[in-house]
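First the structure, in the form of structure tokens, and then the observations on it.
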Protein chains: 2
Amino acid sequence: MSAPSIRARVRAEMIDEIKAAARRHLATDGANLSLRAVARDMGMVSSAIYRYFPSRDDLLTALILEAYDALGDAVETADATAARHDLRGRWHAVSRAARDWALAHPAEYALLYGSPVPGYAAPDDTILPAQRPPVTLVGILRDGLADGRLAAPDDELPEPVRADLAEIAASLFPGLPESLLARGMAGWTQLFGLISFELFGRVAGAIPHRDAYFDHQTGLMADLIGLPR
Amino acid sequence: MSAPSIRARVRAEMIDEIKAAARRHLATDGANLSLRAVARDMGMVSSAIYRYFPSRDDLLTALILEAYDALGDAVETADATAARHDLRGRWHAVSRAARDWALAHPAEYALLYGSPVPGYAAPDDTILPAQRPPVTLVGILRDGLADGRLAAPDDELPEPVRADLAEIAASLFPGLPESLLARGMAGWTQLFGLISFELFGRVAGAIPHRDAYFDHQTGLMADLIGLPR
DNA sequence: ACTAAGCGAGAGCACTGCTCTCGTTGTTGC
DNA sequence: GCAACAACGAGAGCAGTGCTCTCGCTTAGT
């Protein structure tokens with residue numbers, strides 16, 4: 001007697017296979033995933049897919065969740081691999097990890113950070129995994145502050161901004177000064193823009209040496225934050 | 001005798017009406033524009049649209065071109081309205097103009113800066129209008145440098161980065177130091193990320209005071225660039 | 001052993017982009 | 001002024017989509 005029945009195991013395997021096939025289609029055909037094509041790939045008829053996913057959007061949601069997790073893993077692993085006190089090294093490692101993952105999985109990145117699908121509303125399950133990359137980035141600042149290797153800039157924030165950031169800090173980074181959080185978020189925002197520009201084809205051929213450009217751009221944000229060289 | 005024949009005039013009006021109807025649909029139904037729905041709105045049958053646009057993608061391209069122009073106009077007008085020597089004021093005015101336009105035309109913004117449609121390749125006509133916002137931003141730096149109100153940072157760029165930026169500067173901003181161009185592009189990248197995050201629903205309810213947050217974030221990039229307060 | 005649930009196939013609905021044909025209507029050359 | 005021609009709108013049709021419903025078959029639980 002197996003705790004998960006045979007049927008349940010087969011079902012789990014089917015779900016995985018469907019997701020795998022869907023991911024394959026996503027990579028080749030782009031964002032507009034065809035449920036029927038996925039079904040064809042598995043030698044099934046389209047209606048059979050509905051035994052496993054109530055709708056196409058639910059399939060997409062499953063893929064999005066997995067993609068968030070994959071990106072989160074990549075980013076956190078890169079952060080953990082770098083020497084803990086080398087703040088700038090960690091910043092670059094995390095940035096590069098995010099970019100590398102995006103370049104390796106462009107369609108999934110577009111799913112996460114591209115224009116939202118009209119009818120589609122991301123469920124709450126996505127909130128936490130979506131926070132992992134920015135939390136990892138700002139975590140570097142938190143560590144630097146604790147080590148004394150990083151000082152909080154003493155710029156004065158407008159009160160509403162300070163209050164909003166204080167709320168975020170309270171729930172995610174207790175004790176982190178709002179001014180530092182603000183700069184960290186600026187860095188995360190620029191990182192996202194940098195990757196999106198490169199991936200979505202703006203910038204085009206204007207910058208042949210993309211790797212070096214990317215590192216320099218993220219380095220500029222490290223400067224803004226005050227990460228020691 | 002009218003230089004443009006009646007037929008030609010009617011045709012031009014029809015094209016405009018189709019684009020207007022399409023824009024209306026874009027605003028309500030989101031990115032997946034239905035040619036048939038547009039045709040229905042005009043009391044036509046879908047095949048009649050093909051007399052004016054060879055395909056749905058060509059209709060989208062026309063909308064994209066107009067959107068780029070609208071955004072470019074908004075941005076350049078904002079820049080021209082601010083006092084020429086008030087570099088920081090211009091920076092904020094341009095940033096806000098871009099954001100305001102995006103918030104007022106979210107679907108069109110998504111068309112321009114969202115994930116690219118799989119089969120769709122942006123024609124070369126879009127390159128120039130697409131450059132207008134970043135060119136406007138960096139133009140502020142160019143003016144500041146000419147006025148002596150802004151100094152080029154003397155950070156040393158890796159040679160490949162310097163070379164790539166030098167090429168861009170040569171064609172768009174002759175004489176602009178590469179280091180300044182790099183920081184300007186960082187600002188543009190962050191601005192795009194900022195608007196996209198807000199528009200595409202990340203950040204969600206985390207930041208209630210969006211206007212103030214936006215201004216502060218763009219102000220941080222102005223700091224990085226060195227725009228005088 | 002019997003019942004109930006899970007499953008895959010198939011038909012069908014409403015929708016999509018796009019093509020082709022067929023009359024009609026406006027434009028232009030003679 | 002009229003004939004030839006091009007532009008036009010309607011309609012039918014094709015291949016594709018997401019999704020629903022029904023029908024048998026297989027497996028699981030009692």
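None of the values given here were measured: they were computed from a predicted structure. Each chain gets a letter, A, B and so on, in the order the sequences are listed, and its residues count up from 1.
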For B:F53 and D:dC8, what is the distance between atoms CZ and C1' respectively, to the nearest whole Å? 16 Å

Which one, D:dA7, D:dA12, C:dC7, comes nearest to the side chain of A:Y52? C:dC7

Within 45° cone of B:F214 ring axis and under 6.0 Å: B:R99 NZ or CZ: yes

B:R51: which residues meet the salt bridge (Lys or Arg N to Asp or Glu O under 4.0 Å) condition with it, sequence neighbours left out? none

A side-chain contact here means heavy atoms from C-beta on lying under 4.5 Å apart; do B:V161 and A:H209 qualify? no

Atom CE of A:M44 and atom C1' of C:dG10 are separated, to the nearest Å, by 13 Å

Any idea which of D:dC8, C:dA9, C:dT27 is nearest the B:R51 side chain? D:dC8

So which protein N/O to nucleotides 3-5 of chain C N/O distances come out below 3.5 Å?
none

Can you check the A:E17 CD to C:dG8 C1' distance for me, whole Å? 15 Å

A:D58 CG to D:dC19 C1', straight-line distance once rounded to whole Å: 13 Å

Listed by chain and number, what are the salt bridge (Lys or Arg N to Asp or Glu O under 4.0 Å) partners of B:D73, not counting sequence neighbours? B:R132

Could you tell me whether the side chains of B:T61 and B:D58 share a donor-acceptor contact shorter than 3.5 Å? no

Sorted by chain and residue number, the ring pair (Phe, Tyr, Trp, His ring centres under 6.0 Å) partners of B:Y109 (sequence neighbours excluded) come out as B:Y113

N/O-N/O pairs, protein side and nucleotides 15-18 of chain D side, under 3.5 Å:
unit_1: D:dT17; atom_1: OP1; unit_2: A:S34; atom_2: OG; d: 2.8
unit_1: D:dT17; atom_1: OP1; unit_2: A:R40; atom_2: NH2; d: 3.4
unit_1: D:dT17; atom_1: OP2; unit_2: A:R40; atom_2: NH1; d: 3.3
unit_1: D:dG18; atom_1: OP1; unit_2: A:L33; atom_2: O; d: 3.2
unit_1: D:dG18; atom_1: OP1; unit_2: A:L35; atom_2: N; d: 2.5
unit_1: D:dG18; atom_1: OP2; unit_2: A:L35; atom_2: N; d: 3.2
unit_1: D:dG18; atom_1: OP2; unit_2: A:R36; atom_2: N; d: 3.0
unit_1: D:dG18; atom_1: N7; unit_2: A:R36; atom_2: NH1; d: 2.3
unit_1: D:dG18; atom_1: O6; unit_2: A:R36; atom_2: NH1; d: 2.9

Here the distance between atom P of C:dT16 and atom CG of B:L59, to the nearest Å, is 14 Å

Spacing of B:I18 atom CD1 relative to D:dC8 atom P, expressed in whole Å: 10 Å

When all nucleic acid strands are considered with a 4.0 Å heavy-atom cut-off, which category describes A:M42: base, sugar-phosphate, or nothing? nothing

Sidechain N-carboxylate O distance under 4.0 Å for A:D143, A:R90: yes

Separation of B:I6 atom CD1 from D:dC8 atom C1', in whole Å? 15 Å

Just the rounded figure in Å: distance from C1' of D:dG11 to CD1 of B:I49. 15 Å

By ring pair (Phe, Tyr, Trp, His ring centres under 6.0 Å), which residues pair with B:W188, not counting sequence neighbours? A:F197

Any side-chain heavy-atom pair from A:L103 and A:E198 closer than 4.5 angstrom? yes

